[in-house]
Peer 1: 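The structure under discussion is supplied below as structure tokens; questions concerning it will follow.
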Amino acid sequence: MRTIALAAAALGFALPALAQTASPGPTLAAVRDRGAVICGAHPGAPGFSTLDSQGVTRGLDADTCRAIAAAVLGDANKARFVVLSSQARLPALQSGQVDVLPRTTTWTQTRDTANGLNFTAVTFYDGQGFLIRRSAGVQRARDLAGATICVTSGTTNELNLADWSRSNNIRVQPLVFDQNEETRNAYIAGRCDAFTTDASQLAGIRTALRNPDEHVILPDIISKEPLSPAVRHGDDQWFDIVRWTIFALIEAEELGVTQANVDEMLNSQNPAIRRLLGASGDHGPMMGLDRRWAYNAIKAVGNYGEIFERNLGRGSPIGLQRGVNDLWTRGGLMYAMPIR
């Protein structure tokens, strides 16, 4: 064996590592002791995180949390949600109040460095837009000169609005509120001419208005808003677990593995599917998880495409097309790193 190892080293080859489960880091150990994954949640973003009539949190962000809970604890029902305002969400993660923040949070350089956070993988590519009343007759964002615009503080939207106004020499009057609900209610009450936030959220907000057809989302997008679950600096194992759970959901869609056929796919002879579902390899144990970590996540919530369609897609009340959030094989940006 030593001779083989020396020969392999001389040729630049690496021998497969012996199967060994990584020891739990601080976050994984805390999650296991507690028996739950605690996720920061939006107080009400249709399609991402909102309570249904039974008091259950639904949405893409909520399903991301459930996928992580299933991957780590084998049970999606062990996901817990803590509702956080825009101002409170980052401090809550930094202080350890939540384990992961899958809460419509834009990945920016400042948040990723100065705030001591690590963003894991993009779950939704978005951009900031404007919602206005159809009766205003406004066709493009540049026609908002002189308008009062409702926006929530503590968000990238507030800074983006200021940057857009300055760079385009368009004077607007921001009307700033601390809570998303306050911002929406101010727009409904007519206190502002337009409401600005991520376009996907505007689509959800519009569907919940009394007369949605009386409101329109302008075609202009003024920013990049890559939404990604975040974790704290200093625990690489937990960062890996969250990141690779998201990649597994995307990879499952690309490979045709669904919530309905995942059990059948355990017998697949496709090497990529076998690695994904833990039929071969030790990719779960490398992170301190069970070999079927990805199987458990997919079985619980489906692949990325199923999650998107259920919460945001054409068959949902939001009715969004996939666009840039489609797989890379269909012209989108969703691209999972290989599990191998």
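The shown structure was predicted, so the numbers you read here are calculated from the model rather than taken from an experiment.
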Peer 1: Using a strict cut-off of less than 4.0 Å between a Lys/Arg side-chain nitrogen and an Asp/Glu carboxylate oxygen, indicate whether Asp193 and Arg133 qualify as a salt bridge.
Peer 2: no
Peer 1: With a 6.0 Å cut-off (strictly less than), is the heavy-atom count around CD of Gln139, excluding the residue itself, greater than 12?
Peer 2: no
Peer 1: Using the rule that two of Ile, Leu, Val, Met, Phe, Trp, Tyr join whenever any of their side-chain heavy atoms come within less than 4.5 Å, decide whether Ile205 and Ile222 are in one cluster.
Peer 2: no
Peer 1: Heavy-atom distance under 4.5 Å between the side chains of Val176 and Glu158, does that happen here?
Peer 2: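 Side-chain contact under 4.5 Å: yes.
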Peer 1: For Arg210, does the CZ atom sit with more than 12 other heavy atoms under 6.0 Å from it, leaving out its own atoms?
Peer 2: no
Peer 1: Using a 4.5 Å cut-off on heavy atoms from C-beta on, say whether the side chain of Leu333 contacts that of Asn325.
Peer 2: no
Peer 1: Could you tell me whether the side chains of Gln237 and Thr27 share a donor-acceptor contact shorter than 3.5 Å?
Peer 2: no
Peer 1: Report yes if the side chains of Gln94 and Asn115 come closer than 4.5 Å at any heavy-atom pair, otherwise no.
Peer 2: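 Contact flag for Gln94/Asn115 side chains = yes.
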Peer 1: Grouping I, L, V, M, F, W and Y whenever their side-chain heavy atoms are under 4.5 Å apart, do Ile221 and Phe195 come out in a common cluster?
Peer 2: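 No.
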Peer 1: Drop me the distance from Leu28's CG to Ile241's CD1, to the nearest 0.5 angstrom.
Peer 2: 4.5 Å
Peer 1: Hey, could you give me the CG/OG distance between Asn311 and Ser200, rounded to the nearest 0.5 Å?
Peer 2: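 So the gap between those two atoms works out to 12.0 Å.
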Peer 1: Transitively linked via ILVMFWY side-chain contacts under 4.5 Å: Trp328 with Trp244?
Peer 2: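 Hydrophobic grouping puts Trp328 with Trp244.
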Peer 1: Could you tell me whether His215 and Tyr187 have their ring centroids closer than 6.0 angstrom?
Peer 2: yes
Peer 1: Does a side-chain heavy-atom distance below 4.5 Å link Thr152 with Asn157?
Peer 2: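 Contact flag for Thr152/Asn157 side chains = no.
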Peer 1: Measuring only between side-chain heavy atoms, which start at C-beta, is Gln259 closer than 4.5 Å to Asn303?
Peer 2: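 In short, these two side chains do not touch, never coming nearer than 4.5 Å.
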Peer 1: If we ignore hydrogens and angles and just use 3.5 Å, is the side chain of Thr64 paired with the main-chain N or O of Pro102 as donor and acceptor?
Peer 2: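 Pair absent, no side-chain N/O of Thr64 close to backbone of Pro102.
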Peer 1: Tell me every residue that passes side chain to side chain contact (heavy atoms under 4.5 Å, CB included) with Ala203, counting only those two or more places apart in sequence or in another chain.
Peer 2: Ile217, Ile318, Leu320
Peer 1: Does a side-chain N-to-carboxylate-O contact under 4.0 Å join Glu253 and Arg330?
Peer 2: yes
Peer 1: Side-chain contact test, heavy atoms from C-beta onward, threshold under 4.5 Å: evaluate it for Cys150 versus Leu175 and give yes or no.
Peer 2: yes
Peer 1: Tell me whether Lys224 is salt-bridged to Asp126, with the criterion being a basic N under 4.0 Å from an acidic carboxylate O.
Peer 2: no
Peer 1: Answer with yes or no whether the hydrophobic clustering places Met286 together with Trp238; edges join I, L, V, M, F, W, Y residues whose side-chain heavy atoms lie under 4.5 Å apart.
Peer 2: no
Peer 1: Taking the basic N atoms (NZ, or NE/NH1/NH2) and the acidic carboxylate oxygens, is any pair closer than 4.0 Å for Asp213 and Arg134?
Peer 2: no
Peer 1: To the closest 0.5 Å, what do you measure between OH (Tyr304) and CG (Asp326)?
Peer 2: 9.0 Å
Peer 1: Do the two ring centres, one from Phe130 and one from Trp164, sit under 6.0 Å apart?
Peer 2: yes
Peer 1: Is the closest basic N to carboxylate O distance between Arg140 and Asp143 below 4.0 Å?
Peer 2: no
Peer 1: Against the six-membered ring of Phe308, is Arg322 placed for a cation-pi contact (under 6.0 Å from the centre, within 45° of the normal)?
Peer 2: yes
Peer 1: Are Asp63 and Arg58 close enough for a salt bridge, meaning some N to O gap below 4.0 Å?
Peer 2: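 Looking at Asp63 and Arg58, the cut-off is not met.
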Peer 1: Looking at Thr123, Val122, Ile68, which hits side-chain contact (heavy atoms from CB on, under 4.5 Å) with Ile246?
Peer 2: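 Between Ile246 and the candidates, side-chain contact (heavy atoms from CB on, under 4.5 Å) is satisfied uniquely by Thr123.
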Peer 1: If you apply the rule salt bridge (Lys or Arg N to Asp or Glu O under 4.0 Å), what do you find for Asp240 with Arg243, and how did you get there?
Peer 2: CA-CA 5 Å; Asp240 289 341; Arg243 165 180 271 187; 5.9 Å; no
Peer 1: Quick one: does Arg291's side chain get under 4.5 Å of Pro285's, heavy atoms only?
Peer 2: yes
Peer 1: Near Arg340 CZ, under 6.0 Å, is it more than 12 heavy atoms from other residues, nucleotides or ligands?
Peer 2: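 No, because the 6.0 Å sphere around CZ of Arg340 holds 12 heavy atoms or fewer from other groups.
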Peer 1: Applying a strict under-4.5 Å side-chain criterion to I, L, V, M, F, W and Y, I'd like to know whether Phe48 and Leu209 cluster together.
Peer 2: no
Peer 1: Would you say Asp52 has more than 12 foreign heavy atoms packed within less than 6.0 Å of its CG?
Peer 2: yes
Peer 1: Taking atom types as modelled, is there a side-chain donor on Glu225 or Ser223 under 3.5 Å from an acceptor on the other?
Peer 2: yes
